[in-house]
Participant: 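To start, I am sharing the structure in question, which I have written as structure tokens.
Below, read A as the first sequence line, B as the second, and so on, with proteins coming before strands; counting in each chain starts at 1.
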Amino acid sequence: MGIKGLTKLLADNAPKAMKEQKFESYFGRKIAIDASMSIYQFLIVVGRSGTEMLTNEAGEVTSHLQGMFTRTIRLLEAGIKPVYVFDGQPPDLKKQELAKRYSKRADATEDLQQAMEAGNKEDIEKFSKRTVKVTKQHNEDCKRLLRLMGVPVIEAPSEAEAQCAALCKSRKVYAVASEDMDSLTFGAPRFLRHLMDPSSRKVPVMEFEVSKVLEELNLTMDQFIDLCILSGCDYCDSIRGIGGQTALKLIRQHGSIEHILQNINKERYSIPDDWPYQEARRLFQEPLVCTDDEQLEMKWSAPDDEGLITFLVNENGFNSDRVTKAIEKIKAAKNKSSQGRLESFFKPVGNTSMPIKRKAYWLP
DNA sequence: ACTCTAACAGCAGACGGG
DNA sequence: GCCCGTCC
DNA sequence: ACTTGCTGTTAGAG
């Protein structure tokens, strides 16, 4: 997932488009988060030693619940209003990429088998992480948890990242938080990295504005998308020998992939057969997203005490005291932030004289 | 020398007690 | 502060 | 029906 080398490319070529921010500065902000990505990380790291993970009495994994629960509380305590966006159907173009990942996972499963037979602890640790897969059940578990916590959940028709970007474009959220740079390629006006890191590591939150990225690179959004495709994305191969630097040079020189293909030395660079860069471009320009206001309604409500205890304590073996205290934390955070910043920053956007077009990436 | 790419290794949560 | 075990 | 990605580092091609 993501765009190869885009972080470094922007750090080198558009440093002013990114600025360090304090975690605290997002008090009262609505932030969209790709849920599946988070769940994946929790499954890899929370409570894992070797192939062991946190489980309930039935032996079902609960690491994702533990991770989602504590992280979400941390966000709420910071006064952040998170909305979690879940993946829907991946686009067809992504399927070859997914197939690649699947075969890697199969390889890792074999490696794990061998490591277990050989009793090699380090290898068991390493390979078992690579076999992790987010299932439908994990997603449903987390949706249930979040709803019980009073945190809104959105189910994207396709890519969660694209839906997050759309929420931000339509001003329903302040920013998208992700570790995945293709949020920018999907045109998220404001994009945060390392929002979750600052506690464990000492990495500052890094904030990107897509309008500044375009300004500094001196590219249109469509050209930026072409740059990302050339750099390497999930939807199609890139051209061997062309990375971020060269791609940027070529886009600046020729303006689009079409014109690059007309001018490039094809002895030197081999273009992939049947290269679907146009379809990839379209997925970034006009991804399948939900725009129906009713389905996108977001409410941050009080936690359901009883529901949480039933789900976490009774069904999943969480410590009763811990859960009770955590519920109190949620309530306290809610009281503190309910009075927070709001109207003055979320001014009405109803400017009907300006048509809402795909290319409007401005921010107030 | 310099630039860039590919290939590979190592890392990923949150919390609290000592 | 850090280190390290625990969370389920 | 299918899921790692990122940020170093280093070696080597052009």
Participant: Which whole number of Å gives the distance between the P atom of B/dA12 and that of C/dC4?
Facilitator: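 Roughly 14 Å separates the two P atoms.
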Participant: Could you tell me how far B/dG13 sits from D/dC2 if I compare only their C1' atoms? Round to whole Å.
Facilitator: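 It works out to 27 Å between them.
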Participant: Closest nucleotide of DNA chain B for A/V46 versus for A/R322: which of these residues is on the 5' side?
Facilitator: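 The residue whose closest nucleotide sits nearer the 5' end is A/V46.
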Participant: Pick the closest DNA chain B nucleotide for A/Q245 and for A/R71 by heavy atoms, then say which residue is nearer the 5' end.
Facilitator: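 Upstream on the strand: A/Q245.
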Participant: State, without any angle test, whether A/E155 and A/Q295 hold a side-chain donor-acceptor pair at a distance under 3.5 Å.
Facilitator: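 Short answer, no.
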Participant: Please classify the nucleic acid contact of A/T7 as base, sugar-phosphate, or nothing, using heavy-atom distances under 4.0 Å.
Facilitator: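 Answer is sugar-phosphate: A/T7 comes under 4.0 Å of backbone atoms only.
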Participant: Taking OP1 and OP2 of D/dC2, is either one under 4.0 Å from a side-chain nitrogen or oxygen of A/K133?
Facilitator: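 Affirmative; the distance criterion is met.
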Participant: If you look at every strand shown and take non-hydrogen atoms under 4.0 Å, does A/T246 touch a base, only sugar-phosphate, or nothing?
Facilitator: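 A/T246: backbone/sugar contact only, no base atoms under 4.0 Å.
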Participant: Using side-chain heavy atoms (C-beta onward) and a distance below 4.5 Å, is A/L75 in contact with A/I33?
Facilitator: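 Yes - at least one pair of side-chain heavy atoms lies under 4.5 Å apart.
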Participant: Distance check, C1' atoms only: B/dA1 and D/dG14, in whole angstrom units.
Facilitator: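 It works out to 13 Å between them.
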Participant: Can you see if the side chain of A/R48 gets near the phosphate of C/dG5 - specifically, an N or O under 4.0 Å from OP1 or OP2?
Facilitator: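 No, no such contact exists.
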Participant: Determine whether the side chains of A/D222 and A/Q285 contain a donor N or O and an acceptor N or O closer than 3.5 Å.
Facilitator: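 Note: A/D222 and A/Q285 side chains meet the donor-acceptor criterion.
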Participant: May I ask you to check whether over 12 heavy atoms, not counting those of A/R282, lie within 6.0 Å of atom CZ?
Facilitator: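 Open: at most 12 neighbouring heavy atoms sit under 6.0 Å from CZ of A/R282.
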Participant: Using a heavy-atom cut-off of under 4.0 Å over every strand shown, decide if A/Q66 touches base, sugar-phosphate, or nothing.
Facilitator: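 Since a base atom lies under 4.0 Å of A/Q66, the category is base.
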Participant: Return yes if a side-chain donor-acceptor contact under 3.5 Å exists between A/T72 and A/Y84, otherwise no.
Facilitator: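 Yes - a donor-acceptor pair under 3.5 Å links their side chains.
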Participant: Any base atoms under 4.0 Å from A/T55, or only sugar-phosphate, or nothing? Heavy atoms, all strands.
Facilitator: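 Base: the residue A/T55, judged by heavy atoms under 4.0 Å, touches a nucleobase.
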Participant: Checking all strands, does A/I242 fall into the base, sugar-phosphate, or nothing category for heavy-atom contacts under 4.0 angstrom?
Facilitator: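 Answer is sugar-phosphate: A/I242 comes under 4.0 Å of backbone atoms only.
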Participant: Over all strands shown, is A/G244 touching base, sugar-phosphate only, or nothing at heavy-atom distances under 4.0 angstrom?
Facilitator: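 Sugar-phosphate contact only - A/G244 comes under 4.0 Å of backbone atoms but never of a base.
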Participant: Give one of base, sugar-phosphate or nothing for A/G67, where a contact means two heavy atoms less than 4.0 Å apart.
Facilitator: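 Touches nothing.
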